[in-house]
Structure formats: C-alpha cells, structure tokens
Amino acid sequence: MMLEEQRQKIDHIDRQIVALFEERTNVVEEVAKIKLDNGISILDSGREKQVILKVQSYLKDESLKDELAELYTELMRISRNHQKNWIEKQG
C-alpha cells in the first residue's frame, strides 16, 4: 500500500514521543515532590503561558503556532492532573 512507508515513519516518531512523554512525566513527578515539600500550588498559569511562548519559539514552521499551543495546553493539563494524583498518593 502507498501509505505504508508514511505509517512506519509515524510509528517511529510515536515511539520517540512516548519515550519523551514518559521522561517528561518523571520530571513532572519531581516537580510535584518539590511543590508538596514547599507548599507550592500545582497550577501556575503564568508559567504555562511562558512555556507555550517558549515552545512556539522552537518552531521552524511558524504556521503551526496555534496547533502547538493546543498540544501544550493539553499536555500541561495532563501534567497538572498527574501531579495532583501523585501528591494525593503521597498523603
């Protein structure tokens, strides 16, 4: 099939994304521990805006700015929930 090569490329990229997601989530847990130990709130919307602007600056194709903002908004929502759940398990 014509799409097979592209699908294999996507699968290869997805494996990298999954590995990076796991690595990022491990660091998110470290952040949760620091926040728990220091009584810091999980949500820092100012920080989240900074992250989105920073990752947008890494783009080669500026036309993807909105999609990247959407991806990171969701990624940070998932990270916040993971921190919340991680902290609840510590209690």
Side-chain angles (χ1 to χ4, degrees):
M1 180 168 53
M2 293 188 321
L3 293 174
E4 196 52 43
E5 186 182 340
Q6 284 71 24
R7 286 181 174 158
Q8 285 177 357
K9 285 179 185 176
I10 287 173
D11 184 55
H12 176 72
I13 293 165
D14 284 344
R15 288 172 186 270
Q16 294 175 64
I17 290 171
V18 168
L20 290 170
F21 175 73
E22 284 185 318
E23 189 178 337
R24 190 182 196 283
T25 301
N26 289 336
V27 177
V28 163
E29 288 180 2
E30 293 171 11
V31 168
K33 183 180 184 337
I34 293 166
K35 287 181 176 181
L36 179 63
D37 292 347
N38 294 282
I40 300 168
S41 168
I42 291 172
L43 176 60
D44 182 348
S45 53
R47 166 83 181 134
E48 293 195 359
K49 287 188 186 96
Q50 286 176 341
V51 169
I52 289 172
L53 288 171
K54 191 191 312 170
V55 297
Q56 285 175 328
S57 78
Y58 301 154
L59 281 170
K60 291 180 184 142
D61 181 352
E62 294 250 325
S63 73
L64 296 172
K65 269 181 129 159
D66 291 346
E67 289 92 337
L68 189 66
E70 222 180 304
L71 174 66
Y72 266 82
T73 297
E74 188 64 13
L75 182 58
M76 289 185 289
R77 185 193 64 76
I78 291 165
S79 294
R80 268 196 318 277
N81 286 342
H82 188 82
Q83 281 186 21
K84 190 166 76 64
N85 293 335
W86 186 90
I87 287 172
E88 283 170 5
K89 283 180 194 162
Q90 307 313 303

Open item on the list: Walk me through whether Gln8 and His12 qualify under side-chain hydrogen bond (donor to acceptor under 3.5 Å, both in side chains).
Closed with: CA-CA 6 Å; Gln8 285 177 357; His12 176 72; over 6 Å; no
Open item on the list: For Asp11 and Arg15: C-alpha separation, side-chain torsions, deciding distance, then whether salt bridge (charged side-chain N to carboxylate O under 4.0 Å, His left out) applies.
Closed with: CA-CA 6 Å; Asp11 184 55; Arg15 288 172 186 270; 3.3 Å; yes
Task: Stepwise side-chain contact (heavy atoms from CB on, under 4.5 Å) check, Leu75 with Phe21 - done: CA-CA 9 Å; Leu75 182 58; Phe21 175 73; 3.9 Å; yes
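Interatomic distance, Glu88 CD to Gln90 CD, rounded to the nearest 0.5 Å: 10.5 Å. Taking NZ of Lys35 as the start and CH2 of Trp86 as the end, the distance is 12.0 Å to the nearest 0.5 Å. A distance of 7.0 Å separates CD in Gln56 from CD1 in Ile52, rounded to the nearest 0.5 Å. Rounding to the nearest 0.5 angstrom, the gap separating the CD atom in Gln83 from the CD1 atom in Ile34 is 10.0 Å. Atoms CE and CD, from Met76 and Glu48 in turn, are 4.5 Å apart once rounded to the nearest 0.5 Å. Here CD of Gln6 is found 9.5 Å from CD of Glu4. Values are rounded to the nearest 0.5 Å.
Counted within 6.0 Å of CD on Glu23, heavy atoms from surrounding residues, nucleotides or ligands total 12 or fewer; the atom is thus considered open.
Closest of all the heavy-atom pairs between Leu59 and Leu64 is CD1-C, 3.8 Å. Of all non-hydrogen atoms in Leu43 and Arg80, the two that sit nearest each other are CD1-CD, 3.6 Å.
The main-chain N or O of Ile40 is never found under 3.5 Å from a side-chain atom of Asn38 such that the two would form a donor-acceptor pair.
Linking Ile, Leu, Val, Met, Phe, Trp and Tyr whenever their side-chain heavy atoms come within less than 4.5 Å leaves Ile10 and Ile17 in two separate clusters. By the rule that hydrophobic residues join a cluster once side-chain heavy atoms approach within less than 4.5 Å of another member, Val28 and Ile87 end up as members of separate clusters. Linking Ile, Leu, Val, Met, Phe, Trp and Tyr whenever their side-chain heavy atoms come within less than 4.5 Å leaves Leu53 and Tyr72 in two separate clusters.
A salt bridge does not link Lys33 with Glu29: none of the charged nitrogens is closer than 4.0 Å to a carboxylate oxygen.
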